[in-house]
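Step one of this worksheet: look at the structure below.
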Number of protein chains: 2
Amino acid sequence: MAKVKKAELDLSTEEKIKEAASIVFTKKGYGNARTRDIAEEAGINLALLNYYFRSKEKLFQIVMADRIDKLFGVLAPILNDASTTLEGKLEKITENYIDMLLEHPDLPIFVLSEIRNNPDQLSNRLQAPKLLKESVFVKQIAERRSDINPFHFLMNLLGMNLFPFVAKPVLQPILGNEEQYRQLMEQRKKLIPVWMKLMLDHG
Amino acid sequence: MAKVKKAELDLSTEEKIKEAASIVFTKKGYGNARTRDIAEEAGINLALLNYYFRSKEKLFQIVMADRIDKLFGVLAPILNDASTTLEGKLEKITENYIDMLLEHPDLPIFVLSEIRNNPDQLSNRLQAPKLLKESVFVKQIAERRSDINPFHFLMNLLGMNLFPFVAKPVLQPILGNEEQYRQLMEQRKKLIPVWMKLMLDHG
DNA sequence: AAAATATTTAATCAAATGATTAAATATTTT
DNA sequence: AAAATATTTAATCATTTGATTAAATATTTT
């Protein structure tokens with residue numbers, strides 16, 4: 001019990017700081033976040049943050065890696081699944097993305113703006129590009145429409161899924177209250193795959 | 001000539017600072033931008049910045065108002081034009097947006113991330129929501145498809161136009177070099193209106 | 001040209017902020 | 001329980017950074 005107790009507390013405190021850092025960084029971005037904000041959010045002393053993570057920068061790197069995983073992890077397992085059709089993938093990607101984004105609406109704008117702030121540091125370590133580029137998913141699109149660059153359809157899919165969340169602060173006043181916003185996103189889970197199929201089959 | 005010379009220099013220096021501030025703020029965001037960065041970019045002394053604009057915050061407000069105008073100004077004149085069809089508006093919005101974004105690719109991510117950082121301050125003063133909500137454009141969409149909330153199509157249009165620029169740092173490695181990226185965006189000027197019409201007419 | 005005004009600079013201030021230190025407290029091991 | 005180790009804190013440091021000041025320079029007006 002003694003060993004367990006210590007390990008529990010250890011993990012709990014470290015995890016509490018990581019969790020707080022994730023919240024504060026995601027909400028404010030690296031430059032606007034204060035280590036004191038994070039300490040307060042975690043309910044601990046400022047020195048503890050440096051005791052566990054050495055620096056703001058180190059803590060940020062850990063949070064960032066986790067956030068990037070969250071944002072692209074939704075895609076990864078689906079893209080190269082040989083057992084699903086293109087249609088199946090469109091439905092699965094859309095449903096998973098919208099479900100995830102309804103829980104983490106500020107994730108895309110955080111990751112994208114931090115990549116903008118530090119393209120060299122972050123853009124290089126993304127395995128998402130290669131993953132996307134050589135995926136079964138993109139090959140399936142290319143087979144279906146050899147006349148159009150398949151990445152156009154990828155941009156459309158990601159754009160229709162992600163943009164309403166990236167632009168949420170601007171769109172919310174147009175779209176209504178939180179519940180109405182949520183309902184629209186739920187509708188899009190059905191609609192986006194239909195629209196994607198339309199684009200792939202006609203035009 | 002004497003009067004002109006002073007006025008010229010005056011405007012030139014003030015404008016030089018504004019221009020530098022626009023560049024630095026847009027590239028780094030408010031929190032990561034240093035007033036010394038801006039002064040250096042403008043080729044002037046730090047004190048001059050405060051002499052002309054009183055504070056970083058004030059300078060930022062001026063830059064931000066200008067950037068918001070740039071981002072939404074493309075839409076405004078088209079949305080309520082009674083002399084164009086829905087199809088005509090889709091083509092015009094897409095062409096104008098992509099042309100503008102090719103010149104200012106980091107504009108959307110800057111504006112959206114700053115609105116996230118300060119929703120109360122910035123979101124309220126946007127007249128874009130009301131403009132969009134009550135536009136002829138949205139009414140024309142609603143007439144065409146009474147079965148689907150017209151804002152779905154608005155989100156699709158904006159998503160397909162803006163997202164490739166918002167996500168440029170992530171997409172660039174997939175899409176190729178700068179020139180190839182540009183060519184894809186040029187293609188989208190023709191493609192997006194076609195796709196939008198498809199979605200409006202079928203499904 | 002002299003006086004008045006506007007512009008620009010170097011030096012400096014004060015507050016914010018990331019980080020450290022040394023001591024206190026709690027936990028685990030012996 | 002005592003010793004050893006790990007955790008936590010209050011106080012403090014050093015740097016960064018937005019802002020100011022007072023003096024110098026340039027420009028405009030008289």
Side-chain angles (χ1 to χ4, degrees), chain A residues 1-64 110 114 117-118 121, chain B residues 1-65 110 114 117-118 121-122:
Chain A
M1 222 268 277
K3 207 173 201 173
V4 175
K5 201 175 180 185
K6 180 200 163 188
E8 253 176 32
L9 284 175
D10 193 340
L11 197 68
S12 168
T13 300
E14 192 171 327
E15 211 54 44
K16 229 168 32 178
I17 296 174
K18 260 199 246 180
E19 195 57 40
S22 192
I23 290 167
V24 174
F25 279 138
T26 303
K27 200 166 97 187
K28 302 187 163 195
Y30 182 80
N32 291 299
R34 305 285 154 248
T35 51
R36 283 166 173 81
D37 300 340
I38 296 171
E40 188 183 10
E41 176 77 33
I44 53 106
N45 190 284
L46 170 61
L48 249 187
L49 186 149
N50 290 286
Y51 173 76
Y52 277 107
F53 296 97
R54 172 124 185 105
S55 73
K56 178 187 181 183
E57 175 66 23
K58 288 255 174 58
L59 179 54
F60 176 75
Q61 296 300 343
I62 291 167
V63 168
M64 196 51 172
F110 166 66
E114 292 304 330
N117 290 343
N118 224 329
Q121 176 103 67
Chain B
M1 222 265 278
K3 207 171 201 172
V4 176
K5 201 175 180 183
K6 180 199 162 190
E8 254 175 30
L9 284 174
D10 192 340
L11 197 69
S12 167
T13 300
E14 191 172 325
E15 210 55 42
K16 231 170 28 180
I17 297 174
K18 261 199 247 181
E19 194 58 38
S22 192
I23 291 167
V24 174
F25 279 138
T26 304
K27 200 167 97 190
K28 304 188 161 193
Y30 182 82
N32 290 299
R34 305 284 154 250
T35 51
R36 282 166 174 82
D37 301 339
I38 296 170
E40 189 183 11
E41 175 77 32
I44 51 105
N45 190 284
L46 170 61
L48 249 186
L49 187 149
N50 289 287
Y51 173 77
Y52 277 107
F53 295 97
R54 172 125 185 103
S55 74
K56 179 187 181 184
E57 175 66 22
K58 287 256 174 59
L59 179 55
F60 176 75
Q61 296 301 342
I62 290 167
V63 168
M64 195 51 170
F110 166 65
E114 293 302 331
N117 291 342
N118 224 327
Q121 176 102 68
L122 294 172

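Quick note on labels: first sequence line is chain A, next is B, and so on, each numbered from 1. Worth knowing before you read on, the calculation uses all heavy atoms, side chains too, and leaves out hydrogens, waters and symmetry mates.
- For DNA chain D, the neighbouring residues in residues 34-47 of chain B, judged by any heavy atom under 4.0 Å, are R34(B), T35(B), R36(B), L46(B), A47(B).
- In this structure, L59(A) places its CG atom 14 Å from C1' of dA19(C), rounding to the nearest Å.
- The line from OG1 of T13(A) to OH of Y51(A) is 10.5 Å long, rounded to the nearest 0.5 Å.
- Residues K18(A) and F53(A) meet the side-chain proximity criterion, which asks for heavy atoms closer than 4.5 Å.
- Taking only side-chain atoms of Y52(B), from C-beta outward, the nucleotide of dA19(D), dT7(C), dT20(C) with the closest atom is dT7(C).
- Every residue two or more places apart in sequence or in another chain that forms a side-chain contact (heavy atoms from CB on, under 4.5 Å) with T26(B) is listed here: S22(B), R67(B), D106(B), F110(B).
- Applying a 4.0 Å cut-off to non-hydrogen atoms, none of the residues of residues 17-33 of chain B approaches DNA chain C.
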Would you tabulate the nitrogen or oxygen pairs shorter than 3.5 Å linking the protein to nucleotides 22-25 of chain C?
none

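- Taking both residues in full, the closest heavy atoms of A42(B) and I17(B) are given as CB-CA, 4.1 Å, listed atom of the first, atom of the second, then distance.
- Between T13(A) and dT7(D), a side-chain N or O to OP1/OP2 separation shorter than 4.0 Å is absent.
- Atom CD1 of I38(A) sits about 12.0 Å away from atom CD of E19(A), to the nearest 0.5 Å.
- In terms of phosphate contacts, Y51(A) brings a side-chain nitrogen or oxygen within less than 4.0 Å of OP1 or OP2 of dT7(D).
- Note: CZ (F53(A)) to P (dT8(D)) measures 12 Å, nearest angstrom.
- Between the CG atom of L49(A) and the C1' atom of dT9(D) there is a distance of 14 Å, rounded to whole Å.
- In this structure, CG of N50(B) is placed 5 Å from P of dA19(D), rounded to the nearest angstrom.
- Sorted by first and then second residue, the salt bridge (charged side-chain N to carboxylate O under 4.0 Å, His left out) pairs involving residues 49-65 of chain B (not counting sequence neighbours) form an empty list.
- The ring-ring contact (aromatic ring centres under 6.0 Å, His included) search around F25(A) returns Y30(A), F60(A), not counting sequence neighbours.
- For N117(B), the side-chain contact (heavy atoms from CB on, under 4.5 Å) partners at least two apart in sequence or on another chain are N32(A), E114(B).
- Dashed line: the shortest gap from a side-chain N or O of R54(A) to OP1 or OP2 of dG18(C) is not under 4.0 Å.
- K56(B) has its NZ atom 14 Å from the C1' atom of dA15(C), to the nearest Å.
- Listed by first then second residue, pairs satisfying side-chain hydrogen bond (donor to acceptor under 3.5 Å, both in side chains) with a partner in residues 34-45 of chain B read K28(B)-D37(B), not counting sequence neighbours.
- A stem is defined here as three or more consecutive Watson-Crick or G-U pairs, each with both distances under 3.5 Å; for DNA chain C these stems are C:1-30 with D:1-30.
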